[in-house]
Amino acid sequence: MSDAMRVFAGECTTTFEDRIQRGHVVVLVKPDRTVLVHDADGYQPVAWLTRPDSLTVEADDAGFGLTARTTERTLRVVSHSLAGRATYPVSEAGVPVGRHPETGGTLVRTRGSVVDLESDDEYPLVSGASVLDETCPQCGLPTMRVERGDVFEVCIDRACDPLDDAVTERFDREWACPDCGSDLRVIRRRGRLLLGCDAYPDCETAVTLPAGVAVGDCDCGLPVFETATGRRCLDGTCDRWAE
Ligand SMILES: [Zn+2]
Ligand SMILES: [Zn+2]
Ligand SMILES: [Zn+2]
């Protein structure tokens, strides 16, 4: 639980654009400042403002007042009588993918990572990775399937069983630089895997290893990759690649 949701309830006046509404409502304030005002009916809030630029909250034992603003809109909620207020832990809800071997916590896959709901530990996934049912023989965390020229199945913890090492072992010096003929080396820059020319800095050729599998060779000497969007030369700008 890395974040908190604030909940306010009471008989309130809600003012949004030209609309004024009064009634018993529940106001949710998300960690990203998104404000939702719910009344008794349906799933839709009676008013809301997603990620406002500013949010001010005044609250005491007698009541509360909230003002959320974007450049164009203002949402204001003022209580006349207070039913209650509270703060609850919230996280991103993801798909369960197993248990953490040490904390016993449930692991969930969110957009870009696997998170342990018990400890909040986060394992960022590389793009295109899918989490597998199998666990890592070294640490017990789930493994992931990643395509980077070939199919690799490695621990989701890049510190345990680095994808980088597996890709390096397989593809370091596998291909020649199309510009100068030196070997292409597997390098990691800002979390991404690239093939960079061994003659750097004299030759600055570097290409990102996309999510895909090498299925042949381009006229330029680089491999052709089968990716989710089709086949292409490893160098996306290659002018010698013809389908
Ligand atoms: Zn592991
Ligand atoms: Zn080069
Ligand atoms: Zn090419």
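Just so you know, ligand 1 is whichever comes first in the structure, and atom 1 is the first atom listed for that ligand.
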Trace of the side chain to side chain donor-acceptor pair (under 3.5 Å) decision for Asp116 with Ser119: CA-CA 6 Å; Asp116 174 19; Ser119 66; 2.7 Å; yes

Does this structure show an ion pair linking Asp53 with Arg33, if we count only N-O contacts that are shorter than 4.0 Å?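 So Asp53 does not pair with Arg33 through a salt bridge.
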
Is the closest basic N to carboxylate O distance between Asp219 and Arg240 below 4.0 Å?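 Answer for the salt bridge query: no.
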
With the Zn ion (ligand 3) at the apex, how many degrees lie between SG of Cys220 and SG of Cys218, rounded to 10 degrees?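 About 100°, to the nearest ten degrees.
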
With the Zn ion (ligand 3) as the apex, the SG/SG angle for Cys238 and Cys233 - to 10°: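 Vertex at the Zn ion (ligand 3): approximately 110°.
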
Strictly under 2.8 Å of the Zn ion (ligand 2): which protein N/O/S atoms qualify?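 As for protein N, O or S atoms lying under 2.8 Å from the Zn ion (ligand 2), they are Cys177 SG, Cys180 SG, Cys197 SG, Cys203 SG.
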
Tell me which pairs pass ring-ring contact (aromatic ring centres under 6.0 Å, His included) where either residue lies in residues 152-193, with sequence neighbours left out.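 ring-ring contact (aromatic ring centres under 6.0 Å, His included) check on residues 152-193 returns Phe171-Trp175.
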
Minimum side-chain heavy-atom gap [X]-[Y] below 4.5 Å:
X: Glu92; Y: Arg111; value: yes
X: Val77; Y: Phe64; value: yes
X: Leu107; Y: Arg99; value: no

Can you sort out the partners of Asp150 under salt bridge (Lys or Arg N to Asp or Glu O under 4.0 Å), two or more places apart, ordered by chain and number?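 Asp150 satisfies salt bridge (Lys or Arg N to Asp or Glu O under 4.0 Å) with Arg170 only.
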
Take Val29 and Leu66, measure what side-chain contact (heavy atoms from CB on, under 4.5 Å) needs, and give me the verdict at the end. CA-CA 10 Å; Val29 179; Leu66 283 111; 3.5 Å; yes

Could you please tell me which protein N, O or S atoms lie under 2.8 Å from the Zn ion (ligand 1)?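 Short answer, with waters excluded from the count: Cys136 SG, Cys139 SG, Cys155 SG, Cys160 SG.
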
Hydrophobic cluster membership, with links at side-chain heavy-atom distances under 4.5 Å among I/L/V/M/F/W/Y: are Val224 and Leu193 in one?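 No.
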
